[in-house]
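Position 1 is the first residue of the sequence, and the numbers go up from there. Values reported hereafter were calculated over all heavy atoms of this structure, with side chains retained and with hydrogens, waters and symmetry mates removed.
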Amino acid sequence: MRKLKSKRLIILGVIIIVIILLILVIFLNIKSDKKVVIKKDEATKLYDNIKTGSCTDIPNDNNGVLLNLVFADLKNKDSLSDDINLDDFLNSLESVSGNKKMDYTINDFIYEGYSYTLDGNKISRKKASCPKVSYTSKLYGYTYNNDNLELYIKMGYIDNGKVYDLSNKEIGEYDKKTINKTLDDGTLQIYSYQIDNNKYYFKKIIEG
């Protein structure tokens, strides 16, 4: 009788352990799913600041990418003007990269129809000629861990009804309905961000 009772206790203990493990697995899966959704939303927000508007330099190096992100931040703050105070630029630089002392060069950088140049403690601008081609891109994917997020961006440009990658290789005919598919063959740029206290700071682009 005592052995039977002991067996029942063992079986009951095993059942309880199995139930606890199942609850933990379900909880962790739900938590993981929520994490993916959150990171996808953040990736999309970051990509929205990467997309270049009309008559804007296409960023092909770390300096160009950095300036594009900083000027997008200045635009969001309604701080773009004929004379931008250097302190305003540095504040946006810190917002984007987490570092006011990050290296940069501003010399005839074209952003949305204006050419910007650093002159002493201010950044002046003048009207710029727009390129005849229009640039296009899409968010191709992303990876992340607790400390870093990498955005995979496919880029190209449209000229006379044809789509080219950034190496000037034709990758297809332009069609608004199929442009995302065409950009699968575009130039890959990887934007690397550091995550710090739920903030995302641009660090560099990586060769695709």
Side-chain angles (χ1 to χ4, degrees), residues 44-139 151 153-171 174 176 179 182-183 186-194 199-208:
T44 302
K45 288 179 183 177
L46 290 169
Y47 171 66
D48 286 341
N49 286 329
I50 290 170
K51 290 187 295 186
T52 55
S54 59
C55 199
T56 297
D57 275 344
I58 189 72
N60 278 321
D61 55 26
N62 281 307
N63 186 72
V65 169
L66 182 64
L67 291 184
N68 187 57
L69 294 174
V70 172
F71 275 84
D73 187 73
L74 288 166
K75 178 184 177 182
N76 291 336
K77 295 174 180 176
D78 292 324
S79 296
L80 293 179
S81 63
D82 289 341
D83 291 305
I84 301 172
N85 189 290
L86 183 58
D87 286 338
D88 290 337
F89 174 87
L90 293 177
N91 287 335
S92 285
L93 177 64
E94 186 174 34
S95 295
V96 166
S97 69
N99 183 6
K100 283 187 176 182
K101 297 182 179 180
M102 195 169 186
D103 289 337
Y104 61 87
T105 301
I106 312 173
N107 185 20
D108 290 332
F109 175 72
I110 298 175
Y111 186 82
E112 296 193 349
Y114 291 92
S115 175
Y116 292 85
T117 299
L118 177 61
D119 182 17
N121 289 321
K122 68 177 182 178
I123 300 168
S124 58
R125 72 179 184 182
K126 60 184 179 182
K127 274 288 187 179
S129 298
C130 296
K132 67 173 184 175
V133 301
S134 58
Y135 291 97
T136 183
S137 66
K138 75 170 183 176
L139 178 60
L151 300 184
I153 313 296
K154 286 284 191 168
M155 305 191 74
Y157 66 88
I158 304 164
D159 186 15
N160 290 326
K162 296 185 182 296
V163 186
Y164 299 82
D165 66 14
L166 299 187
S167 298
N168 303 317
K169 176 184 175 183
E170 183 181 333
I171 57 175
Y174 174 69
K176 187 177 181 179
I179 183 62
T182 303
L183 282 172
T187 299
L188 177 64
Q189 289 186 337
I190 305 172
Y191 286 58
S192 179
Y193 292 81
Q194 182 179 341
K199 293 184 178 180
Y200 298 80
Y201 296 112
F202 171 76
K203 293 305 171 185
K204 60 183 177 179
I205 57 170
I206 304 170
E207 291 288 335

Requested in this report: Give the C-alpha distance, both sets of side-chain angles, the deciding distance and a yes or no for side-chain contact (heavy atoms from CB on, under 4.5 Å) between Asn63 and Tyr104.
Outcome: CA-CA 6 Å; Asn63 186 72; Tyr104 61 87; 3.8 Å; yes

Report task. Tell me, with the steps shown, if Phe202 and Val65 meet side-chain contact (heavy atoms from CB on, under 4.5 Å). Result -> CA-CA 9 Å; Phe202 171 76; Val65 169; 3.4 Å; yes

Query raised in the report: Please walk me through it: do Ile106 and Phe89 pass side-chain contact (heavy atoms from CB on, under 4.5 Å)?
Result: CA-CA 11 Å; Ile106 312 173; Phe89 174 87; 3.6 Å; yes

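A donor-acceptor pair shorter than 3.5 Å can be found between the side chains of Asn91 and Lys100. In this structure, a donor-acceptor pair under 3.5 Å is absent between the side chains of Tyr174 and Asp159. Using modelled atom types, one finds no donor on one side chain facing an acceptor on the other under 3.5 Å when comparing Tyr135 with Thr56.
Here Asp119 contributes atom CG and Ile84 contributes atom CD1; the two are 13.0 Å apart, rounded to the nearest 0.5 Å. To the nearest 0.5 Å, atom CZ of residue Phe109 and atom CG of residue Leu66 are 9.0 Å apart. Atom-to-atom distance recorded for Leu74:CG and Ile123:CD1 is 7.0 Å, nearest 0.5 angstrom. If you take NZ on Lys204 and CE on Met102, they are separated by 10.0 Å, rounding to the nearest 0.5 Å. Separation of atoms CG (Asp73) and CG (Leu93) is listed at 9.5 Å; rounding is to 0.5 Å. Rounding to the nearest 0.5 angstrom, the gap separating the OG atom in Ser137 from the CD1 atom in Ile153 is 6.5 Å.
Remark: side-chain polar atoms of Asp57 are paired, donor with acceptor, to backbone N or O of Ile110 under 3.5 angstrom. Side chain of Ser97 to backbone of Asn99: a donor-acceptor contact under 3.5 angstrom is found. With hydrogens and angles ignored, the 3.5 Å screen pairs a side-chain donor or acceptor of Asn62 with a backbone N or O of Ile205. Using modelled atom types, no side-chain atom of Asn49 and backbone atom of Ala72 make a donor-acceptor pair closer than 3.5 Å. Side-chain atoms of Asn68 never come within 3.5 Å of backbone atoms of Gly64 as a donor-acceptor pair (strictly under, hydrogens ignored).
For Asp61, the CG atom is densely surrounded, since the number of other residues' heavy atoms within 6.0 Å is greater than 12. In the displayed structure, Asp103 atom CG is contacted under 6.0 Å by at most 12 heavy atoms of other residues, nucleotides or ligands. Atom NZ of Lys203 has more than 12 heavy atoms from other residues, nucleotides or ligands within 6.0 Å.
Geometrically, Lys127 engages Tyr114 in a cation-pi contact defined by less than 6.0 Å to the ring centre and at most 45° from the axis.
Heavy-atom minimum distance, Cys55 versus Ala128: SG-O, 4.3 Å. Residue Tyr47 comes nearest to Leu151 through the heavy atom pair N-CD1, 4.0 Å, listed as atom of the first residue, atom of the second, then distance. Contact record, Lys75 with Leu80: CB-CD1, 3.7 Å, taken as the closest heavy-atom pair.
Looking at Leu166 and Gln189, their side chains come closer than 4.5 Å, going by heavy atoms from C-beta outward. No side-chain heavy atom of Tyr200 sits under 4.5 Å from any side-chain heavy atom of Lys45. With contacts defined as side-chain heavy-atom distances shorter than 4.5 Å, the pair Tyr193/Leu46 qualifies. For the pair Asn121/Asn85, no side-chain contact is recorded, criterion being any heavy-atom separation below 4.5 Å from C-beta on.
A salt bridge links Lys51 with Asp48; the closest basic N to acidic carboxylate O contact falls under 4.0 Å.
Residue Asp83 is tested with Lys122, Lys126, Arg125 for a salt bridge (Lys or Arg N to Asp or Glu O under 4.0 Å); the sole match is Lys122.
With sequence neighbours excluded, the residues that form a side-chain hydrogen bond (donor to acceptor under 3.5 Å, both in side chains) with Thr117 are Asp108.
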